[in-house]
Amino acid sequence: MNCREAIFGENTREFFVQRYRPLEELQSRYGFDCIKPLNSDYAVAYLQSSRLANFGLGFANVYSAVPKCYALTNGGAENASGAGEHDSGPALEAIGVAQLRRLPYLDLYGGGVLIGFVDTGIDYKHPVFRKPDGTSRIRAIWDQTVQDGTPPDGFDYGQEYTQEDITRALASENPAALVPETDDNGHGTFVAGTAAGNLVREDSFSGVAPQAEIVMVKLKQAKQYLRDIYFIPPGADCYQETDLAFGVEYLVRTAEAANRPLIICMTLGTNSGGHDGAGILDEILDGYAGRYSSCIIVSTGSEAGYGLHYHSFGAEGEYEEVELRIGERERGFTMELWATSLNQYSVSVISPTGELINREMNRRNHSQIMNFLFEDTRIYLDYFMAETRTGNQLIIMRMQQPTPGIWRFLVYRDQDFGGDFDIWLPVHAFVQEDTYFLRPNPDITITDPGNTRRLITASSYRISDRSIYQYSGRGFTRNGVIKPDISAPGVAVYGPRTGGGYFLSDGGAGAAALTAGGCALILEWAIVKGRQPDIRTQEIKRLLRGGAERAGVVLPSREWGFGRVNFYGVFEELRTVVNS
């Protein structure tokens with residue numbers, strides 16, 4: 001089996017593996033059908049599902065190696081919750097970019113900077129992505145969905161289109177015949193245009209960095225076996241962690257080849273993981289954020305108002321009862337309980353009809369299957385006494401065909417050294433809207449990778465009344481790191497629509513895109529114009545925090561971070577530092 005067949009084949013499973021030995025030795029030792037390097041630390045291995053039993057891999061044994069599933073943080077269609085201006089001016093004013101443009105001596109529009117996206121693709125024919133001479137501002141597109149294309153160097157799947165390919169297509173009578181590239185969802189087009197679309201005065205639109213070049217990775221949908229593991233609803237847009245990781249690597253290599261500073265804007269999120277920035281994709285992004293000439297911006301996600309997080313405050317008693325309402329059309333889901341190190345918990349379950357299945361107590365990793373007599377429901381529990389990447393306890397609970405109604409989970413304190421536990425349901429795109437905890441906690445609802453320490457994490461607020469967006473993910477992280485870092489407009493954000501025109505959209509993606517565009521202006525000032533060529537994400541984060549507008553609450557805040565992002569304030573901060 002060649003690697004391309006393995007990557008697209010529904011009968012192959014994929015895993016992250018650490019490169020602690022040469023890849024050839026790893027492939028020979030474990031019998032992988034294919035193994036592809038990702039970076040200097042990780043590779044992705046592919047194995048036919050028929051051989052999993054002999055290999056000894058089960059979901060319970062390789063939690064961190066199994067790709068997680070990610071969802072978009074904005075809707076792809078027009079989805080603004082309320083009226084807004086059909087004009088990008090209010091957002092540019094709110095983030096201080098309009099004020100910067102009134103200072104012509106700065107002349108900052110993102111020139112010389114690449115902004116990279118890992119998303120749903122891009123409508124390259126939209127006017128906001130063309131230069132005045134008709135050529136394309138898109139430096140490259142890697143479409144991972146193409147099975148028989150010409151992939152980028154060093155990658156084994158998809159189709160790469162260069163700037164020359166796209167410009168040639170734009171000049172032809174039938175662009176789609178030369179570059180048959182689409183963005184059927186619209187999320188990627190919106191995000192890229194909001195961050196870096198052209199100034200189009202007749203449409204009252206401008207991206208934040210209209211002279212930056214764009215690199216887009218169009219993600220393929222997650223494989224069916226992963227959708228089955230996580231019980232992803234049919235038709236839901238779902239993307240797997242391995243493809244995101246390869247997409248990030250492509251953006252980095254493209255910027256290195258062009259010798260350009262790079263902004264990475266990531267606007268997908270997951271509730272899988274411990275909400276502490278310890279996942280493999282988190283680690284990869286965190287490493288690149290530490291490089292010079294780069295900056296990574298992510299969204300908090302849009303999960304706070306859906307009742308998908310339960311937090312225990314350490315109540316007295318032998319166990320704590322967690323009530324979960326399950327909706328009528330729910331076919332299944334995976335939820336995760338995370339507990340601080342040394343604390344150990346086990347779970348009994350009471351169904352809506354009152355049937356009790358007791359816990360199995362065990363001091364080591366083990367699995368339990370609960371079959372209910374009066375419900376057509378099965379629950380798979382996988383216990384990790386010390387999850388390999390964090391050392392914390394993890395209990396994975398996979399509910400198959402759950403009966404609608406109120407389920408009660410009795411979480412027993414088998415070993416208690418103080419502390420608490422958290423449980424997360426999947427992001428709202430992966431469960432029915434009438435599935436939620438009866439006593440939810442809106443805090444610690446930032447989706448990963450938004451909990452990663454070095455990244456710049458942006459929450460969302462409404463421009464009209466300066467209020468936080470009701471669904472904006474809230475911090476801090478589970479291990480107490482201050483997140484979000486700043487907030488940006490995320491309600492009724494005006495951006496380009498795939499197929500032409502513009503629309504208003506709500507969610508974390510708009511806030512991250514506006515922040516990413518503004519950070520491109522900082523990289524232009526610092527690197528392209530030579531003022532601070534060694535700048536990286538951490539220094540930019542400090543500037544954003546220092547130049548932010550305080551939100552009238554005690555800061556840092558779980559909702560606002562250090563306040564509302566203001567790029568004019570950033571340069572005021574720089575002037576203070578330079579003159580001090």
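Judged as a salt bridge (Lys or Arg N to Asp or Glu O under 4.0 Å), and not counting sequence neighbours, D237 has no contacts. E10 is linked by a salt bridge (Lys or Arg N to Asp or Glu O under 4.0 Å) to nothing, counting only residues two or more places apart in sequence or in another chain. Take T145 and apply the side chain to side chain contact (heavy atoms under 4.5 Å, CB included) test, not counting sequence neighbours, and it matches D143, K218, K220.
Under the 2.5 Å SG-SG cutoff, C34 and C3 qualify as a close cysteine pair.
Using cut-offs of 30° and 60° for the angle between ring planes, the W338 and Y63 rings count as perpendicular. In this structure, W407 and F372 have perpendicular ring planes: the angle between them is above 60°, well past the 30° mark.
G290 and R454 make their closest contact through CA-NH1, 3.3 Å (heavy atoms, listed as atom of the first residue, atom of the second, distance). L523 approaches I540 most closely through the heavy-atom pair CD2-CD1, 3.8 Å.
In summary, the side chains of T267 and N74 do not present any donor paired with an acceptor at a separation below 3.5 Å, with no hydrogens or angles considered. Between E14 and Y225, the side chains place no donor N or O within less than 3.5 Å of an acceptor N or O (distance only, hydrogens not considered). Under the 3.5 Å distance criterion, with hydrogens and angles disregarded, a donor-acceptor pair is assigned to the side chains of Q400 and Y380. No hydrogens or angles considered: a donor-acceptor pair under 3.5 Å links the side chains of D33 and Q48.
Within the 3.5 Å criterion, the main-chain N or O of T12 finds no donor-acceptor partner in the side chain of S49. The backbone N or O of E303 sits nowhere less than 3.5 Å from a side-chain atom of H428 that would complete a donor-acceptor pair. Judged by distance alone, the side chain of D286 and the main-chain N or O of E283 form no donor-acceptor pair under 3.5 Å. For the pair T457 (side chain) and D485 (backbone), a donor-acceptor distance under 3.5 Å is absent.
When each of F117, Y161, F155 is checked for a ring pair (Phe, Tyr, Trp, His ring centres under 6.0 Å) with W142, only F155 meets the rule. Partner of D276 under the salt bridge (charged side-chain N to carboxylate O under 4.0 Å, His left out) criterion, chosen from K483, R389, R453, R478: R478.
Between I232 atom CD1 and Q224 atom CD the span is 10.0 Å, to the nearest 0.5 Å.
Salt-bridge check for K68 with D448: failed, with every basic side-chain N at 4.0 Å or more from each acidic carboxylate O. Looking at R291 and E256, a side-chain N of the basic residue comes within less than 4.0 Å of a carboxylate O on the acidic one, giving a salt bridge.
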